[in-house]
Amino acid sequence: MTQPASNPTATALADSDRLTVGVGFPLTDSRESQPPIARELDLAAHAESVGFDALWARDVPLYWPKFGDAGQTFDIWPWLAAVAARTDEITLGTSSVVLPLRHPVHVAKSAATVDQLSGGRLVVGAATGDRDPEFDAFGVDAEQRGELFRESVRWLRALWTADFPSLDGPWGTLDGDLDLVPKPASQIPILPTGHARQELSWIGDHGDGWLFYHLPEETLRSFLDDWRAAGGKKPFAMALGVELADDPAAGPEPIHQGYRAGVEWFREYFQQLNQIGVDHVLIGLRGEDPETALSTFGDAVLGALSSF
């Protein structure tokens, strides 16, 4: 078949001359209960209007109180479809769909549907999962998650790009007499998350980028060196917890996976990330007034990055 077009909003995560920045749901900072739907969608549109490049939805199939985080609670696919209807150009990402718990045909069809509904704006962050009881609930051997991840990526590529593919694997067999419809509107990038129980060389060969977690500066520089050797110019994206201090000049205080600091420090920090070669940062923005926090971060940090 004809290869789907490469959509500029998705590939901007790699092709932009500047560091791009996305923000993760829930935008209302409700992480243990259902966030308000209308408010979340309003904030998604607001995030686009103040200059964010991407909106990311987490895949948490079941709530495990011991983990202390329900994600955004809503299933990622219908949620991103709703977000697509409220936005125009911003990239939509999964951070990250747990491939070993999902049949790849379901993932491929859902992702292609969202990509079509959004006009080719989808990026698929993909992971192996880190909530042990979910594997028992789905009847999946947790020890096989690395192999299942590799197989799922292989199936997704074939289902998105080939007519009537022939596939065989842990989920079943396709003999060339069935096809996935719809196909994606664009070439959907897959970003393995963390190590995904793979060698970095495999991620470099089979991923369209790498999504990792917050790291201290020296460790980050080392990871970037390793990634450039494995993945070349493919994008390196990282997650970062962000909490804005009332004092714009406040220095950094560590929080989970990130910092609490004033916007002046974050402006310098993001410019540094840009200079050392990070391509995209997915922030988890925390605060009691999310609309103001999005606006403040957009003006002080994103505005400075856009001048590079």
Side-chain angles (χ1 to χ4, degrees), residues 10 13-14 20-27 31 53-64 67 69-81 83 91-104 106-108 110-112 114-115 118 121-132 134-135 138 140 142 145-157 160 184 188-198 200 202-204 206-215 223 227 231 234-241 256-258 278-284:
L13 300 188
T20 57
V21 182
V23 61
F25 293 104
L27 302 176
R31 287 174 167 78
D53 300 285
L55 290 160
W56 295 88
R58 294 174 58 202
D59 181 31
V60 181
L62 296 166
Y63 177 45
W64 185 24
F67 204 91
D69 188 343
Q72 55 164 31
T73 74
F74 299 109
D75 185 84
I76 52 176
W77 306 119
W79 180 252
L80 288 177
V83 175
T91 296
L92 308 176
T94 64
S95 60
S96 296
V97 59
V98 184
L99 292 183
L101 300 182
R102 311 285 196 181
H103 196 295
H106 290 149
V107 175
S110 296
V114 170
D115 197 58
S118 67
R121 291 190 272 149
L122 183 67
V123 173
V124 170
T128 52
D130 56 8
R131 304 183 187 221
D132 293 342
E134 287 185 335
F135 290 89
F138 281 84
V140 173
R145 71 185 86 175
E147 177 185 351
L148 292 171
F149 184 89
R150 293 190 298 274
E151 278 293 289
S152 186
V153 169
R154 183 173 71 89
W155 276 55
L156 292 176
R157 301 288 194 198
W160 286 336
I188 300 177
I190 299 176
L191 275 61
T193 303
H195 289 290
R197 296 176 181 265
Q198 312 302 323
L200 189 57
W202 185 94
I203 297 174
H206 296 275
D208 297 298
W210 192 20
L211 175 57
F212 210 78
Y213 309 102
H214 169 253
L215 295 167
F223 270 59
W227 174 241
K234 294 178 181 179
F236 180 90
M238 59 175 274
L240 179 73
H256 179 64
Q257 287 291 325
V278 175
D279 296 289
H280 184 77
V281 180
L282 189 180
I283 70 168

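Note that this is a predicted model, so its numbers are computed, not measured. Just so you know, these numbers use all the heavy atoms, side chains as well, and skip hydrogens, waters and symmetry mates.
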Verdict with reasoning, Arg150 to Glu147, per salt bridge (charged side-chain N to carboxylate O under 4.0 Å, His left out): CA-CA 5 Å; Arg150 293 190 298 274; Glu147 177 185 351; 5.3 Å; no
Working for side chain to side chain contact (heavy atoms under 4.5 Å, CB included), residues Val107 and Ser152: CA-CA 9 Å; Val107 175; Ser152 186; 5.5 Å; no
Stepwise side chain to side chain contact (heavy atoms under 4.5 Å, CB included) test for Thr193 and Tyr213: CA-CA 8 Å; Thr193 303; Tyr213 309 102; 3.6 Å; yes
Stepwise side chain to side chain contact (heavy atoms under 4.5 Å, CB included) test for Val60 and Asp69: CA-CA 9 Å; Val60 181; Asp69 188 343; 5.8 Å; no
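The neighbour count for His103 NE2, taken as heavy atoms of other residues, nucleotides or ligands under 6.0 Å away, is above 12.
Remark: Arg197 is not positioned above the aromatic ring of Phe149, lacking an NZ or CZ atom under 6.0 angstrom from the ring centre and at most 45 degrees off the axis.
Taking the six-membered ring where tryptophan is involved, the planes of His195 and Phe223 are tilted, since the angle between them lies from 30° to 60°. Using bins of under 30°, 30° to 60° and over 60° for the plane-to-plane angle, the ring pair Trp227/Trp210 lands in the tilted bin.
Taking CD1 of Ile190 as the reference point, atom CG of Leu122 lies at 10.0 Å (rounded to 0.5 Å). Within the model, atoms OG1 of Thr73 and CH2 of Trp79 stand 8.0 Å from one another, a figure rounded to the nearest 0.5 Å. Of the inter-residue distances, the one linking Arg131 atom CZ with Trp64 atom CH2 reads 8.5 Å to the nearest 0.5 angstrom. Remark: Gln257 CD to His214 NE2 distance equals 7.5 Å, nearest 0.5 Å. A distance of 13.0 Å separates CZ in Arg121 from CD1 in Ile188, rounded to the nearest 0.5 Å. Taking OG1 of Thr94 as the reference point, atom CG of Leu92 lies at 10.5 Å (rounded to 0.5 Å).
Side-chain contact check for Arg102 versus Pro61: some heavy-atom pair is nearer than 4.5 Å. By the 4.5 Å heavy-atom criterion applied to side chains, Phe138 and Pro100 are not counted as neighbours. In this structure, the side chains of Asp59 and Ile76 come closer than 4.5 Å at one or more pairs of heavy atoms.
Side-chain atoms of Asp53 come within 3.5 Å of backbone atoms of Val21 as a donor-acceptor pair (strictly under, hydrogens ignored). Side-chain N or O atoms of Trp160 include one that pairs as donor or acceptor with a backbone N or O of Ala108 at under 3.5 Å. Judged by distance alone, with hydrogens and angles left aside, the side-chain atoms of Arg145 form no donor-acceptor pair with the main-chain N or O of Val98 at under 3.5 Å.
When all heavy atoms of Gly24 and Leu282 are compared, the closest pair comes out as N-CD2, 3.9 Å. Among all heavy-atom pairs drawn from His280 and Gly22, the shortest one is CE1-N, 3.2 Å. When all heavy atoms of Phe236 and Asp279 are compared, the closest pair comes out as N-OD2, 2.8 Å. Between Phe25 and Leu55, the closest heavy-atom pair is CE1-CB, 3.8 Å. Taking every heavy atom of both residues into account, Gly207 and Pro192 meet most closely at CA-CD, 3.9 Å. When all heavy atoms of Gln72 and Ala57 are compared, the closest pair comes out as OE1-CB, 3.3 Å.
For Ser95, the side-chain hydrogen bond (donor to acceptor under 3.5 Å, both in side chains) criterion is met by no residue, not counting sequence neighbours.
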